Number of protein chains: 2
Amino acid sequence: MMQLDDLDRSILRLLKKDARLTISEIAEKLNRPESTIHFRIKKLLEKGAIDHYTILLGEALQPKKVALVVLQAETPIIEDFLERYVNHIMRTLAMLSNVLFVAKSGKDTVMALIGGENEESLEAFIDENIKTLPTLKGVHVYFIDDIKKGEELIGFLVDV
Amino acid sequence: MMQLDDLDRSILRLLKKDARLTISEIAEKLNRPESTIHFRIKKLLEKGAIDHYTILLGEALQPKKVALVVLQAETPIIEDFLERYVNHIMRTLAMLSNVLFVAKSGKDTVMALIGGENEESLEAFIDENIKTLPTLKGVHVYFIDDIKKGEELIGFLVDV
DNA sequence: TATGAAAGACATCATGT
DNA sequence: ACATGATGTCTTTCATA
């Protein structure tokens with residue numbers, strides 16, 4: 001689909017670690033002329049290999065505890081209701097600033113990543129705002145205790 | 001914990017959308033002098049409100065289909081084995097480049113976000129690399145069909 | 001902490017190898 | 001793909017309030 005060579009990949013890896021590196025710094029690290037780095041980055045942007053530049057918010061602004069909640073809606077008598085109900089749940093959750101991520105799986109399952117100060121406040125939030133939703137077949141809560149890969153995802157998703 | 005005022009938040013929101021905005025562009029958007037914006041960003045970095053700058057990889061480099069896999073290990077006779085076995089599973093998964101995210105929940109549950117070309121290849125990967133793991137009590141696979149909030153997470157997590 | 005002005009660093013582009 | 005230089009823009013610093 002898109003052919004990247006080693007130089008492209010090296011540039012992308014450096015920018016992922018620190019997107020404020022100047023072109024001259026990248027050029028020096030990779031032992032290439034600045035003009036080449038400049039040209040490559042321009043192409044990577046044009047081809048859409050780089051979607052955009054962004055910042056990661058620090059731990060000071062992140063929730064201390066995060067849980068993944070998986071909820072399954074009861075299949076209603078009237079088929080059409082299910083989709084509308086599930087979409088309603090997703091919209092409602094997505095609006096909340098402590099809800100970091102919302103997605104659908106299949107027709108009846110919603111997954112949400114929820115942040116809070118600690119396990120207690122998270123549990124309270126889930127009890128009050130999720131388990132009270134009508135017509136749920138089941139709710140699973142997985143508190144995230146240790147992230148082995150992709151840890152930075154919290155700082156990326158958190159609202160400001 | 002960390003007190004941000006409206007100007008700080010406005011700057012952070014702008015940078016989240018596009019971290020390549022120059023200080024002068026931000027200054028213009030927010031009707032403040034460049035030196036003030038410069039000063040604020042410097043403070044935001046010092047205080048750790050901004051962890052670092054990064055890039056999001058585009059759709060061209062992203063897996064087309066993503067699934068969340070939740071796996072629970074069987075509780076062994078010898079207590080100490082569980083932690084070591086779960087850690088082993090996490091380390092093994094984290095090494096794979098199509099595994100975007102790995103985390104632990106409680107003592108016996110591992111969650112992984114896995115990317116693939118399509119649902120079939122994803123299913124094949126899970127069958128071959130996850131369901132074959134010994135001593136599993138259960139494996140749940142949730143294919144992610146529609147992301148309502150936090151969609152950009154894929155481009156953020158994908159390896160290059 | 002906020003601002004204005006000035007100096008230095010940088011990206012960008014054109015041209016040529 | 002690489003080199004070089006010219007140009008304008010941006011960052012950074014510092015003095016001041």
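Keep in mind that this is a model prediction, so the values were computed, not measured. The sequence lines fix the lettering, A, B, ..., with proteins before strands; numbering per chain opens at 1.
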Practice problem: To the nearest Å, give me how far apart CG (Asp5(A)) and C1' (dC2(D)) are. | Solution: 15 Å

Practice problem: Just say parallel, tilted or perpendicular for the rings of His140(B) and His140(A), cut-offs at 30° and 60°. | Solution: tilted

Quiz item: Can a salt bridge be assigned to the pair Asp6(A) and Arg13(A) using a cut-off of 4.0 Å between side-chain N and carboxylate O?
Solution: no

Self-check item: d(CD1, Ile41(A); P, dC2(D)) in whole Å
Solution: 14 Å

Exercise. To the nearest Å, give me how far apart NZ (Lys43(B)) and P (dT1(C)) are.
Key: 6 Å

Quiz item: Between Asp159(A) and Lys149(B), is the closest basic N to carboxylate O distance under 4.0 Å?
Solution: yes

Quiz item: Taking atom NZ of Lys64(A) and atom CD of Gln62(A), what is their separation to the nearest 0.5 Å?
Solution: 7.5 Å

Quiz prompt | Electrostatic pair Lys65(B):Asp145(B) at N-O distance under 4.0 angstrom | solution = yes

Quiz item: Between atom CZ in Arg40(A) and atom P in dC2(D), what is the gap in whole Å?
Solution: 7 Å

Quiz item: Got a donor-acceptor contact below 3.5 angstrom from the Ser121(B) side chain to the Asn118(B) backbone?
Solution: yes

Practice problem: For atom CD of Glu83(A), decide whether the heavy atoms of other residues, nucleotides or ligands shown that lie under 6.0 angstrom number more than 12. | Solution: no

Exercise. Note the angle between the end axes of the helix from dT1(C)-dA17(D) to dT17(C)-dA1(D), five pairs defining each, rounded to 10 degrees.
Key: 30°

Quiz item: Quick one: does Lys16(A)'s side chain get under 4.5 Å of Leu12(A)'s, heavy atoms only?
Solution: no

Quiz prompt | Whole angstrom value for the distance that separates P of dT11(D) from CG of Leu45(B) | solution = 13 Å

Exercise. If a protein heavy atom is under 4.0 Å from the base, mark B; if only from the sugar-phosphate, S; if neither, -; do that for nucleotides 3-17 of chain C going 5' to 3'.
Key: BB-----SSS-----

